[in-house]
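Atoms within each ligand, like the ligands themselves, are counted from 1 in listed order. Note that the structure is a prediction, hence the values are computed from the model and not measured.
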Amino acid sequence: MDIPRIFNITESAHRIHNPITPEKLATLGAALRLESGTRVLDLGSGSGEMLCTWARDYGVIATGIDLSQLFTEQAKLRAEELGVADQVRFIHGDAAVYVADEKAGVAAFLGATWIGGGVAGTVDLLVQSLRPGGIILSGEPYWQQLPPTEDVVKGCLAHSISDFLTLPELLASFGHLGYDVVEMVLADQDGWDRYEAAKWLTMRRWLEANPGDELAKEVRAQLTSEPGRYAAYTREYLGWGVFALMPRR
Ligand code: SAH
């Protein structure tokens, strides 16, 4: 049970598998006014950077679940490195079926929306693990600029323009689901560069170490085309942000 191997290759050196930076993760933690002892649940926790740094900086108690064995191992090592292994727990598994025994004050899915089959389904899943007054965090892409042509849609690796909303539409969509948006921290192009450009050096080094691998051709092709594709499309047209939601009552 794991994610497609290509991601374990291209993102093996990432601490954060999204366009958000360490500084912005800290900003987010501060914006949420996290208190020591707050329970945080993270579905698709990747290499655990958010939970480990929040445990260190804000004293949260956290659980992360991720389908990548590699990322989960890296998350456990990071917890040791930051001295928070007694505060954070990382589980290798499918987050789609996970409901916490102890309700969380913050429940997150950052760039892992497919876990519950879309935003609505993932929010429904997380709310089952949320204590009253708790906050859900949704990390989502949106159209920074509407794509003028079908080529731009495809260049952003979207199937159709309807794959994403504009920022005002995305904020409104949370309202339609019955949630107040109570905070947000948005990524910027530097953050996108850290996420996307970091894959290139990883791919280059992996190719040198694994020339005969069955995925070598695919990785070679990506390394050749990705910088140009990314600069022309994703970097210009896609935004990304973390949105803090509370159920309306
Ligand atoms: N939230 C992390 C990782 C985002 S990338 C961060 O911001 O760094 C998306 C993550 O979802 C990957 O780590 C991938 O392994 C994980 N994932 C994909 N499907 C999953 C599933 N069904 N259950 C748990 N994790 C899943």
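- E11 and Y195 share a donor-acceptor pair across their side chains, judged by distance under 3.5 Å alone.
- Which parts of ligand 1 touch G93 is read off a 4.0 Å heavy-atom cut-off, strictly below it: atoms 23 (N), 24 (C).
- Listed by atom number, the atoms of ligand 1 under 4.0 Å from D94 heavy atoms are 21 (C), 22 (N), 23 (N).
- Atom 4 (C) of ligand 1 has as its closest protein heavy atom L110 O, 3.3 Å.
- The backbone N or O of V185 lies less than 3.5 Å from no partner atom in the side chain of K24, so there is not a single donor-acceptor pair.
- Atoms CH2 and CG, on W200 and L223 in that order, are 9.5 Å from each other to the nearest 0.5 Å.
- Among all non-hydrogen protein atoms, the one lying nearest atom 9 (C) of ligand 1 is G111 O, 3.3 Å.
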Cut-off 3.5 Å, no hydrogens considered: what does the side-chain donor-acceptor table look like for residues 130-141, sequence neighbours left out?
{"residue": "E140", "atom": "OE2", "partner": "T113", "partner atom": "OG1", "Å": "2.2"}

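- With hydrogens and angles left out, the side-chain atoms of T72 and D66 include no donor and acceptor closer than 3.5 Å.
- Rounding to the nearest 0.5 Å gives a distance of 13.5 Å between OG1 of T224 and CZ of R229.
- For ligand 1, none of its N or O atoms has an N or O atom of I16 under 3.5 Å away.
- Protein heavy atom in closest approach to atom 8 (O) of ligand 1: H17 N, 2.8 Å.
- Of all protein heavy atoms, the one lying nearest to atom 23 (N) of ligand 1 is A95 N, 2.8 Å.
- Put simply, the side chain of L25 does not reach to within 4.5 Å of the side chain of T21, judged on heavy atoms.
- Any N or O atom pair closer than 3.5 Å counts here, and S45 shares no such pair with ligand 1.
- Distances from atom 11 (O) of ligand 1 to the heavy atoms of A96, G64, G44 put G44 nearest.
- At a 3.5 angstrom cut-off on N or O pairs, L67 counts as close to ligand 1.
- Between the side chains of H17 and S47, at least one donor N or O sits under 3.5 Å from an acceptor N or O.
- Of the protein's non-hydrogen atoms, the one nearest atom 7 (O) of ligand 1 is N18 ND2, 2.7 Å.
- Taking CZ of R220 as the start and CG of L215 as the end, the distance is 14.5 Å to the nearest 0.5 Å.
- Considering only non-hydrogen protein atoms, atom 16 (C) of ligand 1 sits nearest to D66 OD2, 3.3 Å.
- Annotation: atom 19 (N) of ligand 1 to nearest protein heavy atom, W114 NE1, 3.1 Å.
- The G46 neighbourhood of ligand 1 comprises atoms 2 (C), 3 (C), 13 (O), with distances under 4.0 Å to a heavy atom of that residue.
- Within ligand 1, counting atoms from 1 as listed, the ones closer than 4.0 Å to a heavy atom of S68 are 15 (O).
- Side chains of D193 and Y230: a donor on one and an acceptor on the other come within 3.5 Å.
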